[in-house]
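Read the structure below first, then the notes.
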Amino acid sequence: MVEISLTNTRIRKKERFDPIDPKNIRVYACGPTVYDRAHLGNARPVVVFDVLFRLLRHVYGEDAVTYVRNFTDVDDKINARAAETGRPIRDITEETIGWYHDDMDALGALRPTHEPRATDYIAQMIAMIEDLIAKGFAYAAEGHVLFEVRKFPEYGRLSGRSLDDMIAGARVEVAPYKRDPMDFVLWKPSSGDQPGWDSPWGHGRPGWHIECSAMSAELLGDVFDIHAGGIDLQFPHHENEIAQSRCAHGSEVMANVWLHNEMLQVEGKKMSKSLGNFFTVRDLLDQGIPGEVIRYVLLMTHYRKPMDWTAEKVREAEATLRKWRGLTEGIEPSASPAPAVIAALADDLNTAGAIAALHDLAKDGDIPALKASAALVGLLDDRLGDWVAGGPDLAGFAAQLDALRIAAKASKDFSAVDAMKQKLTAAGVEIRMTATGVELSAGPGFSAAELEQI
RNA sequence: GGUGGGUUGGCGGAGAGGUUACGCACCGGAUUGCAAAUCCGUGAAGACCGGUUCGAUUCCGGUACCCACCUCCA
């Protein structure tokens, strides 16, 4: 059995992963709020935790891993989007979920075992809130229900902050019905046009944090193996999840292992709309950057380090994948991935190390192992390969160039060959002349319009 | 102010207390009508200051700079 180690932010160190039940590994990752296209920053955890999913399936068996990633389909941002567009909320969330699937599929991410929608679990949320009130951890006030953070002494442990620190420096919402400024909302009232459900506290809707506690408990149990998400969610979202779940279930932990990925930056800065460096996965795909290339770039950097999205990385990733795709075309993968690749991934998801190991396989000429090992990180999959094969038909040009070349070899006058080569190169066509003939392929700057001129 | 992350060769980016990371780029060679691709090879590092050690880029402490979170952004 391969030994997997993971950096557990709950205890702030790397440790061996010991499943609660090796026949049923349970993983939860916080999913998107569905009001708009996923941006590139959303894609990083999806791809990183997809590799975790693949690794766990490889080690423990495909049917031994349950991976849950939710859709938050009730949220004030969705309400705001509905108000400004005049569209029904359900339309917006349905459409956005469809986009999300399209975009993440394009990145080669496997669909999780379950993708629960928050609105399907309102009953479980209400039950959990009632339970928290009954146990004295929450209180109702003016149509709201609040979690009383002072009742949970370990509040703040995950993120390493004390309640007093938080209050001192934070801009927290002070509301008259709160017993402590840090108390957070479990349930809040809805007015006429806002989505709402009947509850013991009146017509209302759940707070954000309770969703994940309710859905993870329903689908994975009170205590499960791994909870994953972005480091920006560590506080307050994950802190609040822990408070809710542990107090409701009386458990020592919510999840044994907490994994947090670092943030993605663009040219050295955080991606934000105000800086103008904000873009979605769909934007990149529409620019012609293949999903597989995006995936490779995201895997070039270890998940616990901030990563920078740059054009240079895209170029490098595309060149490498073209090379590997060429090597593996028509090759049957070996029965199992290379030990070096498994070892890298098992060591805290070292995807950069795994890629280095793939380079070694390519260099050593072990192409079947390259293909089998790449599958473990979701690369060189047949489903993702259209971008390489799907180029324009250049056979006519190739034949023409080859004919010129044969003639030139006899006449020793290569001027006509060189002239055509220059035009093809200008149109972004890559030329390979081998002993047996000419191969043409569309390069990075390929232009069909320029090709027409030839 | 509090909390966390980062600083490795021209660029990207890992592991390991002592032995080549790897990729891209560059340079040299092979090959080529010339190229491209491919193959072979060379060079190049560890922010700064101290400490531990026979030996540290790797462990410990400090300094500087960068980034993020503390606002229902992954």
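Atom set for the values below is all heavy atoms of this structure, side chains included, hydrogens, waters and symmetry mates excluded.
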Out of A35(B), A36(B), A74(B), whichever nucleotide has its closest atom nearest the side chain of Met433(A): A35(B)
Lys363(A) atom NZ is separated from C24(B) atom C1', nearest whole Å, by 13 Å
Between G28(B) and G13(B), how far apart are the two P atoms, rounded to whole Å? 28 Å
Can you measure Glu312(A) atom CD to C24(B) atom P for me and round it to whole angstrom units? 11 Å
Can you tell me the base-pairing partner of A64(B)? Count Watson-Crick or G-U wobble geometry only, both distances below 3.5 Å, and say none if there is no partner. U7(B)
In whole angstrom, what separates Lys323(A)'s NZ from U38(B)'s C1'? 9 Å
Selection from A35(B), U8(B), G23(B) that lies nearest to any side-chain heavy atom of Lys421(A): A35(B)
Considering only G33(B), C67(B), C24(B), which nucleotide approaches the side chain of Glu316(A) most closely? C24(B)
Suppose we call two aromatic rings close when their centres sit under 6.0 Å apart. Are His238(A) and His260(A) close by that rule? yes
Whole angstrom is fine here: how far is it from NE2 in His260(A) over to C1' in G6(B)? 18 Å
Hey, does Arg44(A) reach any base, or is it just sugar-phosphate, or nothing, if we go heavy atoms under 4.0 Å? nothing
Taking C24(B), U8(B), A68(B) as options, the one with an atom nearest any side-chain atom of Met263(A) is A68(B)
Watson-Crick or G-U wobble mate for U31(B), both contacts under 3.5 Å: none
Comparing Leu264(A) and Ile431(A) on RNA chain B - which has the more 5′ nearest nucleotide: Ile431(A)
Does any N or O donor sit under 3.5 Å from an N or O acceptor when you compare the side chain of His39(A) with the base of A74(B)? yes
Does Arg150(A) reach the main-chain N or O of Arg179(A) with its side chain, forming a donor-acceptor pair under 3.5 Å? no
Say you pick atom C1' in G61(B) and the same atom in G18(B); how far apart are they, in whole Å? 23 Å
Check against ring-ring contact (aromatic ring centres under 6.0 Å, His included), Tyr100(A) and Phe71(A): CA-CA 10 Å; Tyr100(A) 190 82; Phe71(A) 284 115; 5.5 Å; yes
Considering only atom C1', compute the distance from U53(B) to G41(B) and round it to an integer number of Å. 37 Å
What interatomic distance, in whole Å, is found between P of U19(B) and the corresponding atom of G12(B)? 25 Å
Could you tell me whether Val46(A) contacts a base, only the sugar-phosphate backbone, or nothing, with contacts defined as non-hydrogen atoms closer than 4.0 Å? nothing
Could you state the atom-to-atom distance from NE2 of His302(A) to P of U8(B) in whole Å? 17 Å
Does a side-chain N or O of Lys313(A) approach OP1 or OP2 of C24(B) to a distance below 4.0 Å, or not? no
Does Ser190(A) use its side chain to pair, donor to acceptor, with the backbone of His203(A) at less than 3.5 Å? no
With a 3.5 Å cut-off and heavy atoms only, can you find an N or O donor on one side and an acceptor on the other between the side chain of Asp347(A) and the base of G15(B)? no
Nearest-nucleotide pick for Ala352(A), side chain only, options being A74(B), G13(B), G6(B): G13(B)
Once you apply a heavy-atom cut-off of 4.0 Å, does Asp76(A) come out as touching a base, just sugar-phosphate, or nothing? nothing
By nearest atom, which of the nucleotides A74(B), A36(B), G15(B) is closest to the Asn350(A) side chain? G15(B)
Nearest-neighbour nucleotide for the Lys188(A) side chain, C24(B), G23(B), C72(B) considered: C72(B)
In whole angstrom, what separates Leu424(A)'s CG from A37(B)'s P? 16 Å
Would you say G23(B) has OP1 or OP2 under 4.0 Å from some side-chain N or O of Thr320(A)? no
Does His209(A) reach a base, just sugar-phosphate, or nothing at all? Heavy atoms under 4.0 Å. nothing
Give a yes or no on whether the ring-centroid distance for His209(A) and Phe184(A) is below 6.0 angstrom. yes
Assign each of Pro32(A) and Met307(A) to its nearest nucleotide of RNA chain B by heavy atoms, then name whichever residue's nucleotide is nearer the 5' end. Met307(A)
Here the distance between atom C1' of G12(B) and atom CD of Gln265(A), to the nearest Å, is 14 Å
Trp208(A) and His237(A): aromatic ring centres closer than 6.0 Å? yes
Partner nucleotide, any strand, of G17(B) [Watson-Crick/G-U, under 3.5 Å]: none
Just verifying a value: how many Å separate Thr328(A) OG1 and Ile367(A) CD1, rounded to the nearest 0.5 Å? 7.5 Å
Closest to the Asp418(A) side chain, choosing from A74(B), G6(B), G33(B): G33(B)
Let me know the distance between CD of Glu239(A) and P of U71(B), rounded to the nearest Å. 12 Å
Mind checking the P distance from U42(B) to C60(B)? Whole angstroms is fine. 35 Å
Spacing of the C1' atoms in A44(B) and C27(B) (rounded, Å): 11 Å
Have a look at Leu358(A) and say if it touches a base, only the backbone sugar-phosphate, or nothing, with a 4.0 Å heavy-atom cut-off. nothing
With rounding to whole Å, what would you report as the distance between G55(B) and G15(B) at their P atoms? 26 Å
Run the ring-centre check on Tyr139(A) versus Phe147(A) and record whether the distance is less than 6.0 Å. no
Base, sugar-phosphate or nothing for Arg405(A)? Non-hydrogen atoms, less than 4.0 Å. nothing
Inter-nucleotide C1' distance (A68(B), C11(B)), Å rounded: 24 Å
Do the side-chain N or O atoms of Lys305(A) get closer than 4.0 angstrom to the phosphate oxygens (OP1, OP2) of U7(B)? yes
Counting only side-chain heavy atoms from C-beta out, which of G33(B), C72(B), U7(B) sits nearest to Lys409(A)? G33(B)
Can you identify which nucleotide, out of A14(B), C24(B), A21(B), has its nearest atom closest to the Ala356(A) side chain? A21(B)
Set out, in order, the CA-CA distance, both residues' side-chain angles and the distance that settles side-chain contact (heavy atoms from CB on, under 4.5 Å) for Tyr155(A) and Glu239(A), then state yes or no. CA-CA 7 Å; Tyr155(A) 189 77; Glu239(A) 201 75 71; 3.8 Å; yes
Touch check for Met300(A), heavy atoms < 4.0 angstrom, all strands: base, sugar-phosphate only, or nothing? sugar-phosphate
